[in-house]
Amino acid sequence: MSTDVLEDILTLEELERAWGGTKDSKAHISRVNKAQLTVTRNGAADFQDRQVYLYVDGELWGKVKYGQQMSREIPPGRHSVRAFNTLFSDTLEIEASPGEHVRLRCTNSLGRGGWIMMVIWQIAALRVRLEREA
């Protein structure tokens, strides 16, 4: 009988190049090998005030306000995503597979006892949280 179907279509060298790009230039890696990360801020519990700064692997991505989302391509592998509202922060470790679209939800809401602090001291201590969407 014939050999494996993949061997009939592509050589091993062609498969390796399709997976990891050429050895000469890692800058031209195929989009198939990239993952995508989207952070959305539209939760019903969100206080809808104060922007949240997003960091991926220590690099500032920008600010996300209520009702917005940020999306970018990321290399596959393990990443650290941090949301920071200038008072509190939350960090989530994610694992992105090649071609995967990782979706996170960011919420900036009152923490435990937050309403009491607002009434007594007129301070809104907003707690930021990151969650992975299913």
Side-chain angles (χ1 to χ4, degrees):
M1 197 94 191
S2 74
T3 60
D4 190 14
V5 174
L6 286 178
E7 290 178 2
D8 290 340
I9 298 171
L10 297 173
T11 67
L12 182 58
E13 181 182 340
E14 290 169 329
L15 284 171
E16 287 176 343
R17 190 171 57 241
W19 178 258
T22 63
K23 293 178 184 174
D24 300 332
S25 173
K26 285 293 183 187
H28 296 355
I29 294 176
S30 168
R31 288 178 63 101
V32 173
N33 294 332
K34 296 286 185 176
Q36 187 169 356
L37 173 63
T38 299
V39 179
T40 305
R41 185 173 164 207
N42 62 359
D46 200 293
F47 198 70
Q48 303 180 15
D49 191 26
R50 185 181 282 179
Q51 67 267 3
V52 174
Y53 294 88
L54 291 177
Y55 295 84
V56 177
D57 299 328
E59 175 190 344
L60 177 64
W61 265 25
K63 297 181 271 188
V64 62
K65 295 181 181 180
Y66 181 78
Q68 295 181 339
Q69 70 177 17
M70 295 185 78
S71 189
R72 283 197 193 165
E73 285 187 343
I74 57 173
R78 190 163 187 80
H79 298 279
S80 175
V81 181
R82 179 178 177 235
F84 178 57
N85 69 3
T86 70
L87 188 58
F88 296 103
S89 72
D90 189 24
T91 303
L92 186 65
E93 300 291 326
I94 61 167
E95 184 74 34
S97 302
E100 181 181 13
H101 190 163
V102 178
R103 297 176 190 273
L104 302 180
R105 177 179 296 118
C106 177
T107 308
N108 198 27
S109 59
L110 289 172
R112 183 175 271 169
W115 286 108
I116 294 171
M117 288 178 64
M118 276 185 57
V119 170
I120 295 174
W121 295 296
Q122 299 176 351
I123 298 171
L126 300 177
R127 185 174 155 213
V128 66
R129 175 175 284 163
L130 284 171
E131 305 175 304
R132 190 165 184 160
E133 294 181 6

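Residue numbers start at 1 and run along the sequence shown. Both backbone and side-chain heavy atoms feed into the values below; hydrogens, waters and symmetry mates do not.
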**Student:** Over all heavy atoms of both residues, which pair between Leu130 and Val81 is shortest? Give the atoms and the distance, please.
**Tutor:** CD1-O, 3.4 Å

**Student:** Is the shortest heavy-atom distance from the side chain of His79 to the side chain of Ile74 under 4.5 Å?
**Tutor:** yes

**Student:** Any idea which heavy atoms bring Ser109 and Ala45 closest together, and the distance?
**Tutor:** CB-O, 3.2 Å

**Student:** Please find the pair of heavy atoms, one from Val64 and one from Arg41, that lie closest to each other, and give the distance.
**Tutor:** O-NH1, 3.1 Å

**Student:** Walk me through it: do Tyr53 and Thr86 pass the test side chain to side chain contact (heavy atoms under 4.5 Å, CB included)?
**Tutor:** CA-CA 8 Å; Tyr53 294 88; Thr86 70; 3.6 Å; yes

**Student:** If I compare all heavy atoms of Met70 with all of Trp61, which pair ends up nearest, and what's the gap?
**Tutor:** CE-O, 3.3 Å

**Student:** Out of His101, Gln69, Arg103, Glu133, which one pairs with Thr38 under the side-chain hydrogen bond (donor to acceptor under 3.5 Å, both in side chains) rule?
**Tutor:** His101

**Student:** Looking only at heavy atoms, which two atoms of Leu126 and Phe88 are closest? And how far apart?
**Tutor:** O-CD1, 3.0 Å

**Student:** So how far is it from Arg105 CZ to Leu92 CG, rounded to the nearest 0.5 Å?
**Tutor:** 12.5 Å

**Student:** Write down the atom of Arg132, the atom of Glu100, and the distance for their closest heavy-atom approach.
**Tutor:** NH2-OE2, 2.8 Å

**Student:** Quick one: OG1 on Thr40 to CD on Gln68, what's the gap to the nearest 0.5 Å?
**Tutor:** 11.0 Å

**Student:** Any side-chain heavy atom of Ile94 within less than 4.5 Å of one from Leu37?
**Tutor:** yes

**Student:** Name the one of Val52, Asp46, Leu87 that satisfies side-chain contact (heavy atoms from CB on, under 4.5 Å) with Val128?
**Tutor:** Val52

**Student:** Please determine if Arg82 forms a cation-pi arrangement with Tyr55, meaning its NZ or CZ atom is less than 6.0 Å from the six-membered ring centre and no more than 45° off the ring axis.
**Tutor:** yes

**Student:** Answer yes if the side chains of Gln36 and Ser71 hold a donor-acceptor pair under 3.5 Å, and no otherwise.
**Tutor:** yes

**Student:** I'd like to know if the side chain of Asp57 reaches the main chain of Ser80, judged simply by a donor and an acceptor atom lying under 3.5 Å from each other, with no hydrogens or angles considered.
**Tutor:** yes

**Student:** With clusters defined by side-chain heavy atoms of hydrophobic residues (ILVMFWY) lying less than 4.5 Å apart, directly or transitively, does Phe84 cluster with Leu54?
**Tutor:** no

**Student:** Just by distance, do the side chain of Asn108 and the backbone of Gln51 share a donor-acceptor pair under 3.5 Å?
**Tutor:** no

